[in-house]
Amino acid sequence: MAKMVILDRDGVINHLPDDDITTVDGWDPIPGSIEAINRLKKAGYLVTIASNHSGISRGLYSEEELLETHAKMQRLLENRGASVDGIFYCTHGPEANCVCRKPKPGLLFQIAGQFKIDLKQTAVVGDDISDIQATKMANAKPILVRTGKGEYVMQNFPEVLDVPVYDDLAHFVRHTLRRK
């Protein structure tokens, strides 16, 4: 069975601005994140993204603009000889109460189904409480990073006390690959 790491996007791979990322130019990778994904890929991991994008349903940006942002991210990865294996996202707002919007685990189940992976053996790296909640509901392995909303989550949600915490995605990857 393939090894996989599932990543949230905003706050894990790229900086999290005060509001939603509405343009391709607004997408700015966190230092070391692109290299970290590349290291996972070279170590034989599948890497996917599970991300909420309610800005589409709120009219802040279009799905086409989201896809252009993902294409920019893929180009940065390809410049280093890597790519992500899949990008899964929910465009619904919280009021839609859909199963794919984190904190519900629908995106994680979609990934597991498409790639035939065991979520119990899969790390899900996030920076928000919704990432941790979805991961726990899917019986996957939650990982919290301090970037994005991570520090806030650590200070305000006692349910993350049992979750491993890393400074950023690069720190998580260094630790993970060192253990192998």
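We number each residue from 1, following the sequence as shown. Given the structure is predicted, the values throughout are model-derived calculations rather than measurements.
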With side chain to side chain contact (heavy atoms under 4.5 Å, CB included) as the test, would you mind laying out the steps for Y61 and V24 before giving the verdict?
CA-CA 10 Å; Y61 54 93; V24 173; over 6 Å; no
Determine yes or no for a side-chain-to-main-chain donor-acceptor pair under 3.5 angstrom, with R101 supplying the side chain and H92 the backbone.
yes
Looking at every heavy atom in both M137 and P103, which two are closest together, and how far apart are they?
CE-O, 2.7 Å
Quick check for you: to the nearest 0.5 Å, what is the distance between M73 atom CE and E78 atom CD?
10.5 Å
Give the intermediate values and the outcome of side chain to side chain contact (heavy atoms under 4.5 Å, CB included) for residues F172 and V5.
CA-CA 11 Å; F172 164 74; V5 174; 4.0 Å; yes
Of the non-hydrogen atoms in K3 and A43, which two are nearest, and what is the gap between them?
NZ-O, 3.4 Å
Taking the side chain as every heavy atom from C-beta outward, state whether R9 and H53 have any atom pair closer than 4.5 Å.
yes
In Å and rounded to the nearest 0.5 Å, what is the CZ to CD1 distance from R39 to I37?
13.0 Å
Mind checking whether H175 and Y166 have parallel, tilted or perpendicular rings, split at 30° and 60°?
tilted
Given the rule in the side chain to side chain contact (heavy atoms under 4.5 Å, CB included) test, do Q74 and V84 qualify, once you have shown the distances and angles that lead to the verdict?
CA-CA 7 Å; Q74 289 281 40; V84 294; 3.3 Å; yes
With a cut-off of 6.0 Å (strictly less than), are more than 12 heavy atoms of other residues, nucleotides or ligands near CD of E64?
no
Is a side-chain N or O of N79 found less than 3.5 angstrom from the main chain of L76, in a donor-acceptor match?
no
Does E35 reach the side chain of V173, with side-chain heavy atoms less than 4.5 Å apart?
no
Side chain to side chain contact (heavy atoms under 4.5 Å, CB included) between K72 and E68: does it pass, once the steps are laid out?
CA-CA 6 Å; K72 175 183 178 178; E68 288 172 10; over 6 Å; no
Heavy-atom closest pair (L108 atom, A50 atom, distance to 0.1 Å) is CD2-CB, 4.1 Å
Do I13 and L66 belong together in a cluster built from hydrophobic side chains that touch within less than 4.5 Å?
yes
So do V163 and M154 actually touch side chain to side chain, heavy atoms under 4.5 Å?
no
Roughly how far, to the nearest 0.5 Å, is CD1 of I132 from CZ of F157?
11.0 Å
Could you go through S130 and Q133, starting from their C-alpha distance and side-chain angles, then the distance that decides it, and tell me whether this counts as side chain to side chain donor-acceptor pair (under 3.5 Å)?
CA-CA 5 Å; S130 64; Q133 291 167 334; 5.9 Å; no
Are P164 and I143 packed together at the side-chain level, in the sense that at least one heavy-atom pair is separated by less than 4.5 angstrom?
yes
Which atom pair, heavy atoms only, marks the closest approach of C90 to C100?
SG-SG, 3.3 Å
Which pair of non-hydrogen atoms, one from A134 and one from P105, has the smallest distance, and what is that distance?
O-CB, 3.6 Å
Of the options V12, L169, N14, which is the one that meets S33 in a side chain to side chain contact (heavy atoms under 4.5 Å, CB included)?
L169
Which heavy atom of N156 sits nearest a heavy atom of Y152, and at what distance?
ND2-O, 2.8 Å
Are W27 and I49 in one and the same hydrophobic cluster, where Ile, Leu, Val, Met, Phe, Trp and Tyr link if side-chain heavy atoms are under 4.5 Å apart?
yes
How long is the straight-line distance from NE2 of H171 back to OG1 of T147, given to the nearest 0.5 Å?
12.0 Å
In a check of side chain to side chain contact (heavy atoms under 4.5 Å, CB included) between M4 and each of V47, D85, I111, L40, which one passes?
I111
Can you find a pair of side-chain heavy atoms, one from T176 and one from Y45, that are under 4.5 Å apart?
yes
Counting only N and O atoms by type, is there a donor-acceptor contact under 3.5 Å from the side chain of D128 to the main-chain atoms of D131?
no
Is any NZ, NE, NH1 or NH2 atom of the basic residue among D8 and K102 found under 4.0 Å from an Asp or Glu carboxylate oxygen of the other?
yes
What about V99 and V124, same hydrophobic cluster or not, with Ile/Leu/Val/Met/Phe/Trp/Tyr joined at side-chain heavy-atom distances under 4.5 Å?
no
Mind checking whether L144 and V165 have side chains closer than 4.5 Å, heavy atoms only?
yes
When rounded to the nearest 0.5 Å, the distance separating OG1 of T48 from CG of L7 is 7.0 Å
Could you tell me the separation between the CD1 atom of I6 and the OG atom of S51, rounded to the nearest 0.5 Å?
12.5 Å
Tell me whether I30 is reachable from I87 by hopping between hydrophobic residues (I, L, V, M, F, W, Y) whose side-chain heavy atoms are closer than 4.5 Å.
no
Identify whether the distance between the nearest side-chain nitrogen and carboxylate oxygen of K149 and D127 falls below 4.0 Å.
no
Side-chain heavy-atom pair S57, E63 within 4.5 angstrom cut-off:
no
